[in-house]
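Worksheet: one structure, shown below.
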Amino acid sequence: MSSLFGDVAEIVVKAHYCKEKGGCQEFLKPGTLQTDFFDVGMGFHRCDHLLAYLHTHNPFLTADVRAQCLARKEPGDPHFPVPDIITTEPGRREFYEIKPDSADGLGKAVKKVQWFEDEVCAPNGLVYGRGTVFSGAVDEVVWNGTWFGVPVKVRFTTEMPRNGIVVYKLCLDRALGELLEKLLVKAVVAALIYLLLTAAPVVVPAFAVLLASAAEPPLQQSVGSGGVNARPDVAYAQLMLNDWRGQNGVSPLLDVDGSVGPKTIGAITLFQQRVTGIVDGRFDPGGQGVGALESRHFESLTSQASATAHMEQREFEQEEEAPLLESLVEAGRDHLASVYRTAGALAG
C-alpha cells in the first residue's frame, strides 16, 4: 500500500506544482513539444517516456538513456529511476523527486537525483538542475470526521528539505494514541487510493461495500446480555460502538476496558434500536447486529475522505504485479482484524 500511496502523493504534488506554475503543458507522447514531464503511467515504459521527453527538448542527445534507466532499476523495487517532475522552459530547466518524509525516503530521493545529475545530465551535456522554483509546500485536509468517537482531521503535507526533493506525510490535528493513530493513517491511505487512482467515477458507498465484503469479521464469541463476554471481544464491541456513537452524536463514549456492564449492554441495545430493529442487547459472531456495526464503520471511514479540487482523478497503470483493487481488498480484509487487535491492546 505504501507504493500505491506514493502514486497518490505524486498526483497531489503535481496538481500544486502546476497551480503555482500557472499551468502545465504535460508531455503525453513522443513527438509533442509539451514542456512538463511527470513520471506517471502513460501506456508505455517509464524509461521510454523519459528518453522521448529529453530527446524532444535536447535533440543533440545520442546516448541511450533508456538503457541507463533500465540498468539502474534496483531488484525488488517496482519503480524505475525516473525523476517525478522535469520542466524545460526558457530560464527554468529543473527536476524534482517526491518521496515519503522518512530517513529511508530521503535517502532514496538523494540517490535518484544524484543518478540523474551524474549519469544522465553531466555526461550528455544536459542542463538541468535540482528544482528551486516550486515552494514544495502542500497542506490539504484529506480526512475529516470522528475516529472511534474522537473528532480528528488528517492532513496531507509536504516540504522541500533539499533542492529538488519534496517529502510528504499524513498529519493528525490531535493525539489519539499510537495504536489508533496508526490504524487511522492506514485506513485513510486506502480510502485516498480508491478516490484518486480508480478510473471509474468515485462512488463512496461502493468502496464501503467493497471493504466490508472483503473484511473478515473478527468477533469470536457473543458480547452483551447473556453473552460469553470474552475480554478481547468485549473490547472490540466497545471500540466499534464508540465509532458509531461519535458519528451520531451519542455520548458519553464507552470505556474500552473489555468488561461488560450496564453501559455496554445499554450501548448495544441503543444501536440495535436505531439501526437493526432486532433488540436483545447482544452481539453474536456473524449476526446482524455486529455486521451492521461494521458496515457503518466502513461507511463513515470512506465518506469522510476527501479528494479536493486540486486532486484530479486519473486511470492508474500499475508497475507492480498486484492489481489496484486486489490491494484495496487486502486492506479491507485486514482492517477489522487490526481494529480487534487494537481494542484488545487498549483494554490491556
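- In terms of modelled atom types and a separation under 3.5 Å, the side chain of Asn144 and the main chain of Val154 share no donor-acceptor contact.
- Centroid-to-centroid, the aromatic rings of Phe27 and His49 come within less than 6.0 Å.
- Remark: Lys108 does not engage Glu97 in a salt bridge, criterion side-chain N to carboxylate O under 4.0 Å.
- Close placement of the His335 and Phe298 rings is indicated, their centers lying within 6.0 Å of each other.
- A distance-only check finds no donor-acceptor pair linking the side chain of Trp244 to the backbone of Leu293 [under 3.5 Å].
- When the side-chain contact (heavy atoms from CB on, under 4.5 Å) test is applied to Lys169, the partners found at least two apart in sequence or on another chain are Asp101, Thr157, Cys171.
- Counting only heavy atoms from C-beta outward, the side chains of Asp36 and Ile85 never approach each other to under 4.5 Å.
- Judged by distance alone, the side chain of Lys112 and the main-chain N or O of Pro83 form no donor-acceptor pair under 3.5 Å.
- The six-membered or imidazole ring of Phe95 lies away from that of Tyr128, with a centre-to-centre distance of 6.0 Å or more.
- Scanning for side-chain hydrogen bond (donor to acceptor under 3.5 Å, both in side chains) contacts around Asp84 gives an empty result, with sequence neighbours left out.
- Remark: Pro217 pairs with Glu294 by the side-chain contact (heavy atoms from CB on, under 4.5 Å) rule, at least two apart or across chains.
- Atom CG of Asp255 is surrounded by 12 or fewer heavy atoms from other residues, nucleotides or ligands within 6.0 Å.
- Shown here are the side-chain hydrogen bond (donor to acceptor under 3.5 Å, both in side chains) partners of Arg296, two or more places apart in sequence or in another chain: there are none.
- At least one donor-acceptor pair closer than 3.5 Å links the side chain of Gln304 to the backbone N or O of Ser300.
- Residue-environment remark: CZ (Arg162) stays at or below the threshold of 12 foreign heavy atoms within 6.0 Å.
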Exercise answer: donor-acceptor pairs, residues 339-348 side-chain atoms, under 3.5 Å, sequence neighbours excluded:
{"from": "Tyr340", "atom 1": "OH", "to": "Asp233", "atom 2": "OD1", "distance (Å)": "2.9"}
{"from": "Arg341", "atom 1": "NH2", "to": "Ser338", "atom 2": "OG", "distance (Å)": "3.1"}
{"from": "Thr342", "atom 1": "OG1", "to": "Ser338", "atom 2": "O", "distance (Å)": "2.8"}

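- Using the six-membered ring where Trp is involved, Tyr17 and Phe134 have ring planes that are perpendicular, over 60° apart on the 30 and 60° scheme.
- Scored by the salt bridge (Lys or Arg N to Asp or Glu O under 4.0 Å) test, Asp118 finds no partners at all (sequence neighbours excluded).
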